[in-house]
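Down below is the structure, laid out as structure tokens.
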Number of protein chains: 2
Amino acid sequence: MKLKESNELKQSGLKNTKHRNDVFELIKKSEQPVSAEYIFSELNKNNCPINLSTVYRILDTLCLSDLVTKINIDTENKNLYEYNCMAHRHYMVCLGCDKILTVKNCPLQDYEKQLIDETDFVITGHKLVMYGYCPQCKQQQNN
Amino acid sequence: MKLKESNELKQSGLKNTKHRNDVFELIKKSEQPVSAEYIFSELNKNNCPINLSTVYRILDTLCLSDLVTKINIDTENKNLYEYNCMAHRHYMVCLGCDKILTVKNCPLQDYEKQLIDETDFVITGHKLVMYGYCPQCKQQQNN
DNA sequence: TTAATTGCAAACACTTTGCACGCTA
DNA sequence: TAGCGTGCAAAGTGTTTGCAATTAA
């Protein structure tokens, strides 16, 4: 069987296995950050039998290679993983349905400079999470 | 023995117990968010024997009453708790020593308005975490 | 007095690990 | 074929829960 091969895996010096590809592709095509459990059940559902510990080991590997980012949203009690597009990580979490939107633009460059002056930290990154209700859940609340 | 009584507990309609006061006071005087385990061992160390599940139950109660806020920093795998001063929650996390600074001012009002326009979400809050290295760890890296 | 709080032990959910086998490069 | 990747089962860690005893109001 021909694997759909990921250049990104090779480029990161990772051995190319079916499982790694399956996990990585699933993360890449997901519109929001996903959990290990989700990856596990999604792959098994779609004829790609895989063990849960293998999922965790692959996620570790992908995170170490910076292909994937692990995040933790306060309202969940498990880690989530998403494709690391090397952009800033800004999220909007719907408290109604747990939907997570990833937001693109970043208003924080100036603020970072200011903080560096104030605290003398080196700042290597940041994470911004907005909490609220998405249009659908917002409407339900009004009813 | 006379308890150091917390008006804040009473005002929130909570029964005033020694354990609740101990936990709440410890959180209030902590300079950074603390874990359940830390509270547990700190109190037991200081002649206030308490059970770990009691700590968790008290933390739940305090969070429900909005006296305390539960947060999760991506680099830790446990929840942290801090006094809820009703301010925005902005953190600076040192990746070297895990120190957590809570930052006061907030650059995000305008950004929130803009996001609301773009996404049609209702925004009820936000969390900003900056990652980097504190002055001490920064220096060690250079050596 | 009565309902809320606590300690204890056991259960839970998520994640990690040891080991033997299997597969990629 | 050498060493990394994987499945399985078992252990680890942080957190929650059932129940009986205790305590605040």
Side-chain angles (χ1 to χ4, degrees), chain A residues 1-7 9-24 26 33-44 47-65 67-68 70-81 98, chain B residues 1-24 33-44 47-65 67-68 70-81 98:
Chain A
M1 184 168 96
K2 175 82 177 65
L3 294 187
K4 178 176 182 184
E5 299 202 353
S6 163
N7 287 321
L9 290 185
K10 273 185 213 160
Q11 282 166 14
S12 296
L14 297 181
K15 210 180 267 186
N16 204 320
T17 72
K18 174 166 184 345
H19 284 158
R20 275 190 187 154
N21 276 290
D22 288 346
V23 170
F24 191 38
L26 179 55
V34 294
S35 67
E37 184 66 33
Y38 172 84
I39 294 170
F40 168 72
S41 68
E42 202 63 18
L43 289 181
N44 279 291
N47 262 35
C48 304
I50 188 173
N51 190 277
L52 185 55
S53 25
T54 305
V55 173
Y56 276 110
R57 278 192 269 232
I58 290 176
L59 289 171
D60 270 359
T61 307
L62 295 178
C63 285
L64 278 174
S65 301
L67 293 169
V68 160
K70 170 158 94 172
I71 64 167
N72 188 299
I73 299 293
D74 287 348
T75 52
E76 310 258 344
N77 44 6
K78 59 187 159 214
N79 295 314
L80 301 178
Y81 301 82
D98 287 339
Chain B
M1 181 168 98
K2 176 78 176 64
L3 296 187
K4 177 176 183 185
E5 298 202 354
S6 163
N7 287 321
E8 286 167 279
L9 290 185
K10 273 185 213 160
Q11 283 166 12
S12 297
L14 296 181
K15 210 180 270 189
N16 202 320
T17 73
K18 174 165 185 343
H19 284 159
R20 274 191 188 154
N21 275 289
D22 289 347
V23 170
F24 191 36
V34 293
S35 68
E37 184 66 35
Y38 172 85
I39 294 170
F40 169 71
S41 67
E42 202 63 18
L43 289 181
N44 278 291
N47 262 35
C48 303
I50 189 173
N51 189 279
L52 184 54
S53 25
T54 305
V55 172
Y56 277 109
R57 277 193 269 232
I58 289 175
L59 289 171
D60 271 359
T61 307
L62 295 178
C63 285
L64 277 175
S65 301
L67 294 169
V68 160
K70 171 158 94 171
I71 64 167
N72 188 298
I73 300 292
D74 287 346
T75 51
E76 311 257 345
N77 44 5
K78 59 188 160 214
N79 295 314
L80 301 177
Y81 301 83
D98 286 339

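Each chain gets a letter, A, B and so on, in the order its sequence line appears, and its residues count up from 1. Since the model is a prediction, treat every value here as computed from it, not as a measurement.
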For nucleotides 20-23 of chain D, which of its nitrogen or oxygen atoms have a protein nitrogen or oxygen under 3.5 Å away, and what is each distance?
none

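Residues satisfying the side-chain hydrogen bond (donor to acceptor under 3.5 Å, both in side chains) test with Ser53(B), not counting sequence neighbours, are Asn51(B). Under the salt bridge (charged side-chain N to carboxylate O under 4.0 Å, His left out) criterion, Glu76(B) pairs with no residue at all, not counting sequence neighbours. Annotation: side-chain contact (heavy atoms from CB on, under 4.5 Å) contacts of Glu42(A) (sequence neighbours excluded): Leu26(A), Tyr38(A), Lys45(A), Asn46(A).
When the P atom of dG7(D) is taken as reference, atom CG of Leu43(A) falls 11 Å away, rounded to whole Å. Summarising the geometry, the separation between CD1 on Ile58(A) and P on dC4(D) is reported as 16 Å, rounded to the nearest angstrom. Computed from coordinates, the Asn21(A) CG to dG5(D) C1' distance equals 13 Å when rounded to whole Å. Straight-line distance from the CD atom of Glu76(B) to the C1' atom of dT13(D): 14 Å, rounded to whole Å. For Asn16(B) and dT6(C), the CG to P distance is 10 Å, given to the nearest whole Å. Remark: C1' of dA25(C) and CZ of Arg20(A) are 12 Å apart, rounded to the nearest angstrom. Atom CG of Leu9(B) and atom P of dA25(D) are 10 Å apart (whole Å). With rounding to whole Å, Asn51(B) atom CG is found 18 Å from dC19(D) atom P.
Contact between the side-chain N/O atoms of Thr17(A) and the OP1/OP2 oxygens of dT6(D) is found at a separation under 4.0 Å. One finds no side-chain N or O of His19(A) lying less than 4.0 angstrom from the OP1 or OP2 phosphate oxygen of dC23(C).
Formation of a donor-acceptor pair under 3.5 Å by the Asn72(B) side chain with backbone atoms of Ile73(A) is not found in this model.
One finds the CD1 atom of Ile71(A) at 9.0 Å from the CG atom of Asn79(A) (value rounded to the nearest 0.5 Å). One distance of note links CG of Leu9(B) with CG of Leu62(B); it measures 6.5 Å at 0.5 Å rounding. Between atom NE2 of residue His19(A) and atom OG1 of residue Thr61(A) there is a gap of 13.5 Å, rounded to the nearest 0.5 Å. A distance of 15.0 Å separates OH in Tyr81(B) from CZ in Phe24(B), rounded to the nearest 0.5 Å. To the nearest 0.5 Å, the span separating CD1 on Ile58(B) from SG on Cys63(B) amounts to 12.0 Å. Atom CZ of Arg57(B) sits about 10.5 Å away from atom CG of Leu52(B), to the nearest 0.5 Å.
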Apply the test side-chain contact (heavy atoms from CB on, under 4.5 Å) to residues Leu67(B) and Leu14(B): give CA-CA distance (whole Å), side-chain angles for both, the deciding distance (0.1 Å), then the verdict.
CA-CA 11 Å; Leu67(B) 294 169; Leu14(B) 296 181; 4.1 Å; yes
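Note on the helix from dT1(C)-dA25(D) to dA25(C)-dT1(D): angle between the axes of the first and last five pairs equals 40°, rounded to 10 degrees.
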How does protein contact run along nucleotides 10-17 of chain C, one letter per nucleotide 5' to 3', with B for base contact, S for sugar-phosphate only, - for none, heavy atoms under 4.0 Å?
----SBBB
